[in-house]
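Below: the structure, in structure tokens.
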Amino acid sequence: MKLNLKSLENKAVWLEKGYKLPEFDIEKVTKATHENPEWIHFGAGNIFRAFLGGVAQRLLNAGEMNTGIVVFEGFDPEIVEKAYRPFDNLCVNVTLVSTGSVKKEVLASVVESLTINDDARAIEIFENPSLKMASFTITEKGYTPAFAKRDADGKPEDAKGLMGYLTKLVYKRYLKNAQPIALVSMDNCSHNGEKLETVVKMVADTWHKNGHVDAGFIDYLNTRVTFPWTMIDKITPRPDANVMKVLADDGFEDGGLIGTSKNTFTSAFVNAEEKEYLVIEDRFLNGRLPLDKAGVYYATRETVERVERMKVTTCLNPLHTCLAVFGCLLNFETIWQEMNDEDLKALVNRIGYVEGMPVVTDPGIMSPKTFLGEVLTVRLPNCFLPDTPQRIATDTSQKLSIRFGETIKAYLEKGMDVSNLKGIALVEAGWLRYLMGVDDNGSEMAISPDPRLDEMKSRLAGVSFGHNENAEKALTPILEDESIFGVSLVKAGLADSVIEHFKRMNAAPGAVRAEIHSVAIA
């Protein structure tokens with residue numbers, strides 16, 4: 001059971017071990033894609049393979065599409081060289097079902113893989129009128145304008161960074177036929193389409209200013225190129241050792257971990273949770289792919305924003321932060337283990353259903369209550385997902401204003417009683433207690449990276465574990481800081497509650513557990 005096209009000819013071996021195989025003619029789809037590509041994707045990482053590769057596979061199996069995906073990896077070409085091409089661009093997609101079982105499928109929807117060394121082929125694809133969409137999963141920092149400045153200050157033909165290189169490819173399309181195209185960021189960040197549009201147009205505008213492109217290209221970007229916004233949600237951890245063992249026991253020979261010189265960890269397989277959501281703003285001037293026939297939503301920009309707001313401010317992200325902070329303090333190793341803890345389970349249920357749901361943003365295309373229910377009963381408790389509270393606790397100072405501040409604002413705007421936000425007040429206090437760097441046993445604890453960590457340590461310098469004499473004096477100015485909490489918790493009327501929670505949790509070993517229990521059962 002080696003992963004290549006030749007091995008797939010022996011279908012019986014794969015089927016006997018429970019692997020679902022492609023139901024389309026791979027050779028025919030590959031030929032059609034080479035001649036008339038419709039979809040190129042930038043970013044060859046795990047969420048692309050598990051989510052978008054799976055969507056395309058379902059459409060190909062159903063005959064709804066007759067072309068596959070061309071993937072382009074700009075940041076780490078070794079992914080293509082080590083994890084795509086040696087396996088004929090195939091991938092084993094392992095779905096981690098919350099009940100503890102796995103589903104295994106060989107994906108063949110990616111039919112071509114490129115790096116920047118394949119410049120001629122990349123240009124050929126962008127010059128083809130058939131191309132409808134270029135999509136992206138390159139992480140939020142990939143759209144940072146500063147990273148593209150060197151390319152912007154140079155000539156199009158010399159562009160090497162991904163955003164500069166992309167702009168060059170779009171320029172080639174403009175010169176060839178000026179056909180429309182949609183550039184679709186599918187990264188998990190707010191207003192992702194706007195971020196992509198900003199950096200592409202920055203590069204183009206600089207090139208125009210320096211005389212490298214004509215004014216027509218700028219007009220083309222403004223009228224014929226769209227940058228749809230999206231909301232994506234699917235947990236896709238790095239290849240897991242337990243999954244490797246399952247595959248090895250099947251006789252699968254190519255399931256080892258693959259590392260690159262840029263510290264990317266990948267494999268010929270990908271493992272991910274079962275649930276997935278993708279909402280795309282419907283702005284496709286060259287026609288759109290039938291992704292909606294495989295569970296993807298096409299919607300207005302306003303709906304995309306509402307779905308994102310529902311997830312980030314109520315139904316997922318606040319619960320993650322709650323579990324991250326208290327998971328660290330209580331020395332949990334994984335999020336799913338926390339969901340087996342009755343106190344923590346009750347606390348996140350309270351924050352979601354009791355405190356968040358009364359002011360949740362309803363996007364209309366999906367039920368917030370159903371989404372929240374799946375998060376609490378299927379996704380977070382999934383024992384196959386080895387996500388750690390320490391990872392999720394990273395950069396918490398940058399998250400509180402959106403994940404909890406928006407709910408507090410909504411209560412204030414609607415004239416609702418903020419004293420009901422007992423769970424949220426406890427999490428705000430829990431984060432401050434977490435910053436002490438002492439766990440609930442009274443032992444020293446590592447604190448995850450955060451851009452404001454040194455500042456916060458300085459502001460809390462007068463407070464130590466077991467000593468609350470200076471707590472109110474130190475905490476009050478922090479709780480007034482709207483850049484952290486989204487609102488002044490003092491003006492909002494929550495500061496006294498947060499301070500009292502902090503004092504009780506900072507009093508002695510075991511106090512964090514006791515305080516969580518008292519709020520969770522309230």
What I'd like to find out is whether the side chain of [X] reaches to under 4.5 Å of the side chain of [Y], using heavy atoms alone.
X: S98; Y: R379; value: no
X: T396; Y: T321; value: yes
X: F265; Y: L257; value: yes
X: L319; Y: R403; value: no
X: H501; Y: V519; value: yes
X: S401; Y: F485; value: no
X: K201; Y: F227; value: yes

NZ or CZ of [X] within 45° of [Y] ring axis and under 6.0 Å:
X: K141; Y: F147; answer: no
X: R283; Y: Y298; answer: no
X: R433; Y: F502; answer: no

Closest heavy-atom contact between [X] and [Y]?
X: V296; Y: L278; answer: CG1-O, 3.4 Å
X: S267; Y: D254; answer: OG-O, 4.1 Å
X: P368; Y: D362; answer: CD-OD1, 3.7 Å
X: W229; Y: N192; answer: CA-OD1, 3.6 Å
X: S135; Y: W39; answer: OG-NE1, 2.8 Å
X: L372; Y: C315; answer: CD1-O, 3.6 Å

Kindly indicate, with the supporting measurements, whether the criterion side-chain hydrogen bond (donor to acceptor under 3.5 Å, both in side chains) is fulfilled by N441 and S443.
-> CA-CA 5 Å; N441 296 322; S443 302; 5.3 Å; no
Worked verdict on Y411 versus L421 for side-chain contact (heavy atoms from CB on, under 4.5 Å) = CA-CA 9 Å; Y411 268 66; L421 299 177; 3.4 Å; yes
Between [X] and [Y], a side-chain donor and acceptor under 3.5 Å:
X: S185; Y: Y143; value: yes
X: S483; Y: R452; value: yes
X: E81; Y: T115; value: no

Treating [X] as the side-chain partner and [Y] as the backbone partner, does any N or O pair qualify as donor plus acceptor under 3.5 Å?
X: E273; Y: I235; value: yes
X: T230; Y: V279; value: no
X: N93; Y: E105; value: no
X: D440; Y: A511; value: yes
X: T260; Y: T264; value: yes
X: H320; Y: C322; value: no
X: E308; Y: M231; value: no
X: S458; Y: D454; value: no
X: K104; Y: V92; value: no
X: K275; Y: V378; value: no

Should the pair F42 and F136 be assigned to parallel (<30°), tilted (30 to 60°) or perpendicular (>60°) ring geometry?
->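 F42 and F136: parallel rings.
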Knowing that exactly one of R306, K311, E305, R309 qualifies, which makes a side-chain hydrogen bond (donor to acceptor under 3.5 Å, both in side chains) with T361?
->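 Of all the options given, the one that passes is R309.
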Got a salt bridge between [X] and [Y], using NZ or NE/NH1/NH2 to carboxylate O under 4.0 Å?
X: K399; Y: D450; answer: no
X: D187; Y: K195; answer: no
X: R459; Y: D481; answer: yes
X: D343; Y: R513; answer: yes
X: R391; Y: D387; answer: yes
X: R58; Y: E276; answer: yes
X: K245; Y: D249; answer: yes
X: K422; Y: E355; answer: no
X: E406; Y: K409; answer: yes

Flag yes if more than 12 heavy atoms outside K473 fall under 6.0 Å of its NZ atom; otherwise flag no.
->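 Incorrect, the count does not exceed 12.
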May I ask you to check whether over 12 heavy atoms, not counting those of K82, lie within 6.0 Å of atom NZ?
->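 Above 12, so yes.
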Is the distance between the ring centroids of F269 and F87 under 6.0 Å?
->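 Aromatic pair excluded; centres sit 6.0 Å or further apart.
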Option among V203, L196, I138 that satisfies the side chain to side chain contact (heavy atoms under 4.5 Å, CB included) test with L166 |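 Testing each of V203, L196, I138 against L166, the sole residue satisfying side chain to side chain contact (heavy atoms under 4.5 Å, CB included) is L196.
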Before giving the answer on side-chain contact (heavy atoms from CB on, under 4.5 Å), spell out for V270 and T236 the whole-Å C-alpha distance, their side-chain angles and the decisive distance to 0.1 Å.
-> CA-CA 8 Å; V270 60; T236 314; 3.8 Å; yes
Start with the C-alpha distance between L344 and M339, add both sets of side-chain angles, then the distance that settles side-chain contact (heavy atoms from CB on, under 4.5 Å), and finish with yes or no.
-> CA-CA 7 Å; L344 292 173; M339 291 301 290; over 6 Å; no
Can you check side-chain contact (heavy atoms from CB on, under 4.5 Å) on I424 and L426, steps first, answer last?
-> CA-CA 5 Å; I424 289 178; L426 178 64; over 6 Å; no
Start with the C-alpha gap between S261 and E78, add the side-chain angles, then the distance that decides, and say whether side-chain hydrogen bond (donor to acceptor under 3.5 Å, both in side chains) holds.
-> CA-CA 8 Å; S261 58; E78 287 181 55; 2.3 Å; yes
Side chain to side chain donor-acceptor pair (under 3.5 Å) contacts touching residues 325-339 (sequence neighbours left out) =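 Sorted result for residues 325-339: N331-D439, T334-W336, T334-Q337.
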